[in-house]
Number of protein chains: 2
Amino acid sequence: MSENAGRWLRDEIENSILSNEFSPGERLDEMVLATRFGVSRTPVREALMQLDAIGLIEIRPRRGAVVIDPGPHRVYEMFEVMAELEGLAGSLAARRLDEASREAITATHSRCEQSAAAGDSDAYYYDNEEFHKAIYAAGRSEFLEEQCLQLHRRLRPYRRLQLRVRNRLSTSFSEHCAIVDAIFAGDGDEARRLLRTHVGIQGERFSDLVASMAAR
Amino acid sequence: MSENAGRWLRDEIENSILSNEFSPGERLDEMVLATRFGVSRTPVREALMQLDAIGLIEIRPRRGAVVIDPGPHRVYEMFEVMAELEGLAGSLAARRLDEASREAITATHSRCEQSAAAGDSDAYYYDNEEFHKAIYAAGRSEFLEEQCLQLHRRLRPYRRLQLRVRNRLSTSFSEHCAIVDAIFAGDGDEARRLLRTHVGIQGERFSDLVASMAAR
DNA sequence: GTCAACAATCGTGTATACAAGAATCGCGTT
DNA sequence: AACGCGATTCTTGTATACACGATTGTTGAC
């Protein structure tokens, strides 16, 4: 456990929410959490306050905390913003690319290629994350990178669902190829455009998302 | 005071930080805050946890909380992200504009015109905020609107400094005019482009920002 | 039988007490 | 006189106790 219980609990509960162990709408009882993690209510409350500030849960005064249920429309909005931020990261990456970032992108990109070829969607899920993180880092904007990582984290469960859709693996990878080309060519505008459409969910992909969310 | 002390304190301390009453780097002593606001340490700690989660302060384990000092470079990065988000809001606004939003934009825009004509930079500062908020709202994306408002809030002190720069008022207003035209014409791409350059700080405006930050 | 009002219970909000690590100050040594 | 080491003090981290509002269950009246 981390050196202070509050911080540790925050991560612990956050992971439980993002891995769907606590379902959206579920009530989070302070005493239950406290006994479950073997601490008093104080650090539990501090963790909940932080999760409320981040927007993962909602604390209604005197009525306890519940896991926020974004709903399909809001998830769509979040992907829309994510697409925009990733687009910016990509355009910055194209302009500021250095040797280390280039290698990081190449390495994660080829790992994606292998997973896609193997049809291993779980492996691709992980490699895809690393690929995108490499692009965030290549943009050389700490604030942007943090924002991207945070949103990426929140959207993780939905992204996972998305990947299970038919043909998504090969489609995703071929989009990656074009993105890498644009970044390596220093074409910021093209990288931005490609990343926006890659990350955003338009047309039938939105129905896919809704369907997979309803399936839970 | 709000119905619970923690929430109230969070807003109170947040405002104190954003209005520069607590300077960047300053140490926030729990007992001092508690006695100052007439409460115990418990709600103070809860407020601090939330501010830490938002990114306004940093709580170093066992060593207390300090107000984060972004530094010019990080502020630049934040404006860069803000520009991107506002660009998205503008493009959405252009596509989804309805009568109510159109009127809100028109109203705030004309208030900006009056303040700019009067050379009243304090009034313009406020009207400008409302104008931008009207655009966020017109985009019809709750999540995006929230993100915009939060970043806008955090950048408020620096924005204020910016406005004092010579000629900025009239320049800003003429940019507003073009933005309004693009949105009302339904030209999302143009609105996006104009807002990006309007909000972003490039070239000499970055030096202006650094200079005004150093002046504090 | 249904609805409303009241009471009991449960859970959150706040204060306080205690424990433990960090910072500080003083003393001793070189 | 300067530096290092130790004790003291101060502040944070956690637990517990208490108070108050919300929720729920029960009883009574219509």
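The figures here come from the full heavy-atom set of this structure, side chains too, leaving out hydrogens, waters and symmetry mates. Letters A, B, ... are given to chains in the order of the sequence lines, protein chains preceding strands, and every chain is numbered from 1.
Between A:Arg27 and B:Thr42, the residue anchored nearer the 5' end of DNA chain C, judged by the nucleotide with its closest heavy atom, is A:Arg27. Toward the 5′ end of DNA chain C lies the nearest nucleotide of B:Ser40, the other residue of the pair B:Ser40 and B:Arg62 mapping further downstream. Taking the nucleotide of DNA chain D with the nearest heavy atom to each of B:Met31 and A:Pro61, the more 5' of the two is matched to B:Met31.
For the pair A:Leu9 CG and D:dA15 P, the interatomic distance rounds to 9 Å; values are reported in whole Å. One interatomic measurement links the two molecules: CZ of A:Arg7 to P of D:dT14, which rounds to 10 Å at whole-angstrom precision. Here D:dT23 presents its P atom at 8 Å from CZ of A:Arg60, a figure rounded to the nearest Å. Put simply, CG on B:Asp29 is 17 Å from P on C:dA22, counting in whole angstrom units. Per the geometry, CZ belonging to A:Phe37 stands 18 Å off C1' belonging to D:dA15, to the nearest Å. Distance A:Met49 CE to C:dT12 C1': 11 Å, rounded to the nearest Å. One can place CZ of A:Arg45 at 14 Å from C1' of D:dT16, the figure rounded to the nearest angstrom. Taking atom CG of A:Leu33 as the reference point, atom P of D:dA15 lies 14 Å away to the nearest angstrom.
At a threshold of 4.0 angstrom between heavy atoms, the contacts of B:Arg63 are confined to the sugar-phosphate backbone, with no base atom among them.
For B:Glu30, whose side chain is taken as the heavy atoms from C-beta onward, the closest listed nucleotide among D:dT14, C:dG13, D:dT12 is D:dT12.
Between B:Glu175 and B:Arg168, at least one side-chain nitrogen of the basic residue sits less than 4.0 Å from a carboxylate oxygen of the acidic one, meeting the salt-bridge criterion. The pair A:Glu84-B:Arg192 meets the salt-bridge criterion, since a charged nitrogen lies less than 4.0 angstrom from a carboxylate oxygen.
Evaluation of atom-type donor-acceptor distances gives no pair under 3.5 Å for the side chain of A:Arg41 against the base of C:dG11.
No hydrogens or angles considered: nothing links the side chains of A:Glu146 and A:Tyr136 as a donor-acceptor pair under 3.5 Å.
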(request) Dump the intermediate steps for salt bridge (Lys or Arg N to Asp or Glu O under 4.0 Å) on A:Arg153 and A:Glu129, then the final yes or no. (result) CA-CA 10 Å; A:Arg153 202 168 152 69; A:Glu129 271 198 8; over 6 Å; no
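Between the side chain of A:Arg96 and the backbone N or O of A:Gly139 there is at least one donor-acceptor pair closer than 3.5 Å.
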